[in-house]
Amino acid sequence: MDKKLLGLRKFNIFMACLHFGQGIAMLLLSTNLKVPVTASFLKFDVLTKSLYPKMSTLFEIKLGPLVASFLFLSALAHF
């Protein structure tokens, strides 16, 4: 049983290093692509006395660091 646990430990350390390296590579190779996060709601027009849809951008988030954070979390779980 100890041999299996030692093999599992080595595997997890290897995978943690691999995922950490992939996260670093993702950060270095990613572009500045930003994805907008929007909200949509109804607004009342006083003149026409009707509702119309209103969309506004809340913020923009960079996609590269968001994806890299998943790899860093995976590396942390393996450690």
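- Counting heavy atoms from C-beta outward, M15 and L18 have side chains that approach closer than 4.5 Å.
- Residue A68 comes nearest to G23 through the heavy atom pair CB-O, 3.8 Å, listed as atom of the first residue, atom of the second, then distance.
- Summarising the geometry, atom CE belonging to M55 is positioned 10.0 Å from atom CZ belonging to F41; distances are rounded to the nearest 0.5 Å.
- Counting only residues at least two apart or on different chains, the side chain to side chain donor-acceptor pair (under 3.5 Å) pairs with a member in residues 62-79 are N12-H78, H19-S74.
- Interatomic distance, CZ of F59 versus OG1 of T38, reported as 10.0 Å (0.5 Å rounding).
- At a threshold of 4.5 Å between side-chain heavy atoms, the hydrophobic network of Ile, Leu, Val, Met, Phe, Trp and Tyr places L29 and L27 in two separate groups.
- The environment of F20 atom CZ is sparse: at most 12 non-hydrogen atoms of other residues, nucleotides or ligands sit within 6.0 angstrom.
- V67 and L28 sit in two unconnected hydrophobic clusters of ILVMFWY residues. Membership requires side-chain heavy atoms under 4.5 Å apart, directly or through other members.
- One hydrophobic cluster holds both I61 and L58 under the rule that ILVMFWY side chains link at heavy-atom gaps under 4.5 Å.
- Smallest separation of non-hydrogen atoms from S30 and G64: CB-CA, 3.7 Å.
- L66 and V37 end up in the same hydrophobic cluster when Ile, Leu, Val, Met, Phe, Trp and Tyr side chains are linked at under 4.5 Å.
- Heavy-atom minimum distance, P36 versus T57: CB-CG2, 4.1 Å.
- Residue L71 holds its CG atom at 10.5 Å from CD1 of I24, rounded to the nearest 0.5 Å.
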